[in-house]
Amino acid sequence: MVTGGLATITSFTIFNFLVHGLYVTQDPWLGAQPIAAFVIASLVGMVVSYRLSRNWTFRHRPPVHADGGRTAFFVINLVTMPISIFCLWFSRHVLHLTDPLADNVAANVVGALIGQAARFYLFRRFVFRSPVTVAEVVRHPLMDLHPGLAAEGDPQQESAADQYR
């Protein structure tokens, strides 16, 4: 959650600067284009999230993809980004709320929480998977169907051999 939190703070800061000026400017660069600002801020947040995830959160899990999971990581982020974009769009165009509080609650609270839960599950499932151990490969549930395939020293194999003596 710390990794997601730091990436969210990065995205939040960039989004608010681009759309609302973040008390730095009276003429925000993308004040009339909050969706574009959100996409830019989210892309920067994705890079921060990947680096923290790879080097800290999931450092004990070896990469399962040749590119270290970068492609899957960014595809998952891009697939889940519409969750927050929809929340922001709904707030702006259906509810007609354009103030900074409404933008942040819609995109950076509601959308981010739903998106973060979806991304955590998808990252854990497809990008930063637990390595498969030899014991898990050797003791596969299908071994019950074919006792002769079980590893030596396996009690089930020994009991199957006893049946034929």
Side-chain angles (χ1 to χ4, degrees), residues 1-137 139-141:
M1 292 307 236
V2 172
T3 297
L6 291 173
T8 299
I9 288 169
T10 301
S11 178
F12 170 84
T13 303
I14 293 170
F15 172 75
N16 279 289
F17 173 74
L18 292 174
V19 176
H20 302 292
L22 197 63
Y23 305 108
V24 176
T25 180
Q26 294 297 328
D27 188 27
W29 295 350
L30 295 174
Q33 300 173 3
I35 304 286
F38 184 81
V39 170
I40 291 167
S42 293
L43 290 172
V44 174
M46 281 182 215
V47 172
V48 170
S49 180
Y50 178 80
R51 295 309 323 154
L52 290 173
S53 294
R54 171 55 44 217
N55 295 326
W56 186 41
T57 306
F58 297 109
R59 69 184 171 277
H60 60 283
R61 295 186 181 192
V64 294
H65 304 288
D67 67 350
R70 284 179 198 87
T71 302
F73 185 89
F74 285 100
V75 166
I76 288 169
N77 269 295
L78 292 173
V79 166
T80 59
M81 188 187 297
I83 295 168
S84 292
I85 290 173
F86 173 76
C87 292
L88 178 60
W89 178 87
F90 187 84
S91 174
R92 283 271 178 145
H93 294 95
V94 175
L95 301 177
H96 303 290
L97 301 171
T98 60
D99 60 286
L101 180 62
D103 283 350
N104 284 296
V105 167
N108 294 317
V109 175
V110 176
L113 288 174
I114 297 168
Q116 190 173 14
R119 282 187 295 276
F120 181 79
Y121 169 76
L122 293 170
F123 292 155
R124 189 173 167 90
R125 175 82 169 95
F126 297 109
V127 180
F128 303 111
R129 294 185 288 191
S130 293
V132 176
T133 64
V134 173
E136 291 171 335
V137 172
R139 184 69 197 119
H140 191 274

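Predicted model only: the values in this text are computed from it and were never measured.
Nearest approach of M81 to V39, heavy atoms of both residues: SD-CG2, 4.0 Å. Here the closest heavy-atom approach between residue G68 and residue P63 is recorded as CA-CB, 3.6 Å. Across M46 and F73, no two heavy atoms sit closer than the pair O-CE2, 3.4 Å. When all heavy atoms of A7 and V48 are compared, the pair lying nearest together is CA-CG1, 4.1 Å. Closest heavy-atom contact between S84 and A107: OG-O, 3.5 Å. Closest heavy-atom contact between V110 and C87: CG1-SG, 4.0 Å.
Not a single ring-ring contact (aromatic ring centres under 6.0 Å, His included) links F12 to another residue, sequence neighbours left out. By the ring-ring contact (aromatic ring centres under 6.0 Å, His included) test, F38 is found to be paired with F15, residues two or more places apart in sequence or in another chain being considered. By the ring-ring contact (aromatic ring centres under 6.0 Å, His included) test, H65 is found to be paired with no residue, residues two or more places apart in sequence or in another chain being considered. Here V79 pairs with V75 under the side chain to side chain contact (heavy atoms under 4.5 Å, CB included) rule; sequence neighbours left out. Partners of N104 according to the side chain to side chain donor-acceptor pair (under 3.5 Å) rule, which considers only residues two or more places apart in sequence or in another chain, are N16, N108. Applying the side chain to side chain contact (heavy atoms under 4.5 Å, CB included) criterion to F90, with sequence neighbours excluded, gives F86, V94, L95. Partners of T57 by side chain to side chain donor-acceptor pair (under 3.5 Å), not counting sequence neighbours, listed by chain and number: T3. Considering only residues two or more places apart in sequence or on other chains, T10 meets the side chain to side chain donor-acceptor pair (under 3.5 Å) condition with none of them. R54 meets the salt bridge (Lys or Arg N to Asp or Glu O under 4.0 Å) test with no other residue; sequence neighbours excluded.
Atoms CZ and CG, on R125 and L122 in that order, are 9.5 Å from each other to the nearest 0.5 Å. For the atom pair R119 CZ and I76 CD1, the distance stands at 10.0 Å (nearest 0.5 Å).
In this structure, the side chains of I40 and L30 come closer than 4.5 Å at one or more pairs of heavy atoms. At a threshold of 4.5 Å between non-hydrogen side-chain atoms, the residues P34 and L88 count as touching.
Sorted by first and then second residue, the side-chain hydrogen bond (donor to acceptor under 3.5 Å, both in side chains) pairs involving residues 40-49 (not counting sequence neighbours) form an empty list. For residues 19-38, the pairs satisfying side-chain hydrogen bond (donor to acceptor under 3.5 Å, both in side chains) are H20-D103, with sequence neighbours left out. Pairs engaging residues 55-75 under the salt bridge (charged side-chain N to carboxylate O under 4.0 Å, His left out) rule: none recorded [sequence neighbours left out].
At distances below 3.5 Å, at least one donor-acceptor pair connects side-chain atoms of T80 with backbone N or O atoms of N77.
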